[in-house]
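Naming: A, B, ... by sequence-line order, numbering from 1 per chain.
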Amino acid sequence: MHLSRYFLPILRETPKEAEIVSHRLMLRAGMVRQEGAGIYAWLPLGLKVLDKISAIVREEQNRSGAVELLMPTIQSADLWRESGRYDAYGKEMLRIKDRHERDMLFGPTNEEMITEIFRASVRSYKQLPLNLYHIQWKFRDEVRPRFGTMRSREFLMKDAYSFDLDKEGARHSYNKMFVAYLRTFARLGLKSIPMRAESGPIGGDMSHEFIILASTGESEVFCHKDYLDYAVPGEETDFDDAAGLQATVDKWTALYAATSEMHDAAAYEAVPEASRVSARGIEVGHIFYFGTKYSEPMGAVVASPDGSQKPVHMGSYGIGPSRLAAAIIEASHDEAGIIWPDAIAPFNVAILNLKAGDGATDAACATLERELTAKGLEVLVDDTDERPGAKFATADLIGLPWQVIVGPKGLTDGKVEVKRRASGERISLPLADVAQHIGG
RNA sequence: CGGGGCAUAGCGCAGCCUGGUAGCGCAUCUGCUUUGGGAGCAGAGGGUCGCAGGUUCGAAUCCUGCUGCCCCGACCA
């Protein structure tokens, strides 16, 4: 992609409404544009990031055995009357009427609908366990949307719903998601810590929030520092090995970790002082088991082995990709701009043509673009007629992992400079070595 | 939902108190000179001053109502 042909509306100054760093940087880097309170348009650069985050989320859901579908954003109120939540949900739900004056709503979540889909087709325990998920826009009419896409009213959410015959099965399903989440966040370049969360009316130990530490985080968290060094389960994880998964979950829940709402000062004091971490965190995922809360009122039952009809045990599991985009920036930036982890960078490499229009630099950039693209890398060539300083600033702002700086000065020796955005490290390389250096 | 604030060119702001032809910086366009960390000079374009009423000879400015947005707090992927 050539920057002169792209749509990247960079802001040199910070819009005054943006208070936190991720919001400022997303606006400045031309990733999003606010269209209303808590409502954002995703511009090309932001959309690429959102898509990459979603792709990783999707891969890890699939790996764990979950099955993707896609439910609508608009739902009928009748469905919600069945569960009793049409009245219970309150003003956070955006209620609308269609032309026939029927009560509709823009879905804030999909428990009712997935339960409806399930009960329509599943009759036997033999079809269990089942985990269905989708990645779809949600709307929650928050009293006070803020922090850009971190707390927006319209947001993208991956929500998965598991169905099992009994609680033990549900625990296995829960553990699958637990491990899938650890892997997902790690792949996104984040150190996530599962923290015991409010588990609602069901009680028990099956509700966790996945928190990443960031100084600008919304909640105060307390945990054992060893969590930060735990290796996440690898690709070889066998999600059908219930005992193995349980052991992993046990390991990841053995040490102290809690948000301020669940904080137990006495238990925290028991952690050796040198191992205590008190910090701020951002919730990037939430998983919980809720038993038969929806299956019972909505009649989602299956035949059990003894022939009796049993309401299924369910759990739901959420990750917000649109929030993650902001959370990742909160966790990875500096004064100059965003520092994208390789896995979700909108482009892998920026080629800065310091003298666009010059035959030698143009030719070198074209060669580099071809070679890097051939390595499977996505390349953004800054071929605008900006001055070098402006190009450096733009490249740092949008935070692509690699910058290849091509200028007349270096080219007289046949060399270009390669800069790693994260470390700031620059090395001078012969043109011919660049693709190998970056693309391996 | 309680409390506070803002609304003037794409972005950041001044002007309002004390009413009298709407300004600055950046950005944009043209030309020349520049070109390795957000260039310089010269010129140009762009705003029914959030909306609706009112006061007045005259309103960005004073008054009333409305709308939108932001911040702090209680709630949330």
Side-chain angles (χ1 to χ4, degrees), chain A residues 9-20 23-24 27-28 30 33-39 53 57 89-93 107-111 133 135-160 181 185 197-198 200 207-212 218-219 259 261 282-288 316-327 335-337 352-358 361 382 384-397 403-412 415-417 419 424 426 428:
Chain A
I10 298 277
L11 302 180
R12 190 158 165 173
E13 284 166 286
T14 304
K16 65 175 175 193
E17 72 268 18
E19 282 291 312
I20 65 165
H23 192 194
R24 287 203 298 266
L27 291 168
R28 288 198 55 216
R33 177 170 173 80
Q34 182 169 356
E35 296 296 341
I39 299 175
I53 293 171
V57 169
Y89 213 91
K91 287 188 166 176
E92 260 196 23
M93 184 155 70
T109 177
N110 286 68
E111 278 86 2
Y133 76 97
I135 301 176
Q136 177 64 291
W137 292 94
K138 306 292 188 291
F139 195 94
R140 293 186 189 171
D141 200 356
E142 299 261 357
V143 218
R144 190 180 159 214
R146 58 184 131 172
F147 303 147
T149 67
M150 187 102 79
R151 166 76 50 83
S152 49
R153 291 195 294 172
E154 187 181 57
F155 60 97
L156 189 61
M157 181 162 85
K158 183 286 298 179
D159 38 326
Y181 275 34
F185 298 126
E198 199 64 63
S207 177
H208 286 89
E209 289 179 4
F210 287 74
I211 302 279
I212 62 163
E218 288 191 74
S219 32
T259 61
E261 298 86 57
I282 300 169
E283 181 187 351
V284 290
H286 194 172
I287 62 178
F288 56 97
S316 80
Y317 315 90
I319 290 180
S322 51
R323 167 181 282 190
L324 271 169
E335 317 73 46
L352 310 192
N353 185 341
L354 294 192
K355 197 170 182 182
D358 174 88
T361 61
D382 188 345
T384 62
D385 56 8
E386 289 293 328
R387 297 167 57 84
K391 295 193 180 197
F392 292 134
T394 296
D396 286 348
L397 174 62
Q403 295 171 14
V404 182
I405 299 158
V406 182
K409 209 162 90 182
L411 279 185
T412 56
K415 289 188 169 178
V416 299
E417 210 169 2
K419 173 178 163 181
R426 305 148 153 253
S428 188

Notebook entry, point to check: To the nearest angstrom, how far is D382(A) atom CG from G38(B) atom C1'?
Noted result: 12 Å
Note to self: Please enumerate all residues that pass side-chain hydrogen bond (donor to acceptor under 3.5 Å, both in side chains) together with D141(A), with sequence neighbours excluded.
What the structure shows: R153(A)
Next item on the list: State which residues pass ring-ring contact (aromatic ring centres under 6.0 Å, His included) with Y181(A); sequence neighbours excluded, sorted by chain then number.
Entry: F185(A), F210(A)
Check: Closest heavy-atom contact between V284(A) and A327(A)?
Finding: CG1-CB, 3.9 Å
Notebook entry, point to check: Within the structure, does a side-chain N or O atom of R387(A) lie under 4.0 Å from either OP1 or OP2 of A39(B)?
Noted result: yes
Checklist line | Inter-nucleotide C1' distance (U67(B), G25(B)), Å rounded | finding: 30 Å
Note to self: Could you tell me if the side chain of M157(A) sits less than 4.5 Å from the side chain of R140(A), heavy atoms only?
What the structure shows: yes
Margin query: Can you check the distance between G15(B) and A22(B), where both ends of the measurement are the C1' atom (answer in whole Å)?
Written below: 8 Å
Note to self: Quick one, L354(A) and K409(A) - any side-chain contact, counting heavy atoms below 4.5 Å?
What the structure shows: no
Next item on the list: Scan side-chain atoms only and decide if D159(A) and Q136(A) contain a donor-acceptor pair under the 3.5 Å cut-off.
Entry: no
Check: In the 5'-to-3' direction, what one-character label does each nucleotide of nucleotides 70-77 of chain B receive under the scheme B = base within less than 4.0 Å of a protein heavy atom, S = sugar-phosphate only, - = no such atom?
Finding: SBBBBBBB
Margin query: Which nucleotide, if any, forms a Watson-Crick or G-U wobble pair with A42(B), using both distances under 3.5 Å?
Written below: U30(B)
Margin query: Distance criterion of 3.5 Å, no angle test: do you see the side chain of E13(A) paired donor-to-acceptor with the base of G25(B)?
Written below: yes
Next item on the list: Please report, rounded to the nearest Å, how far the P atom of C11(B) is from the CD1 atom of I10(A).
Entry: 16 Å
Notebook entry, point to check: Is there a side-chain polar atom (N or O) of R12(A) under 4.0 Å from OP1 or OP2 of A27(B)?
Noted result: yes
Next item on the list: Could you please name the partner base of C62(B), counting Watson-Crick and G-U wobble pairs only when both distances are under 3.5 Å?
Entry: G54(B)
Notebook entry, point to check: Has the side chain of R28(A) got a donor or acceptor atom sitting under 3.5 Å from an opposite partner on the base of G38(B)?
Noted result: yes
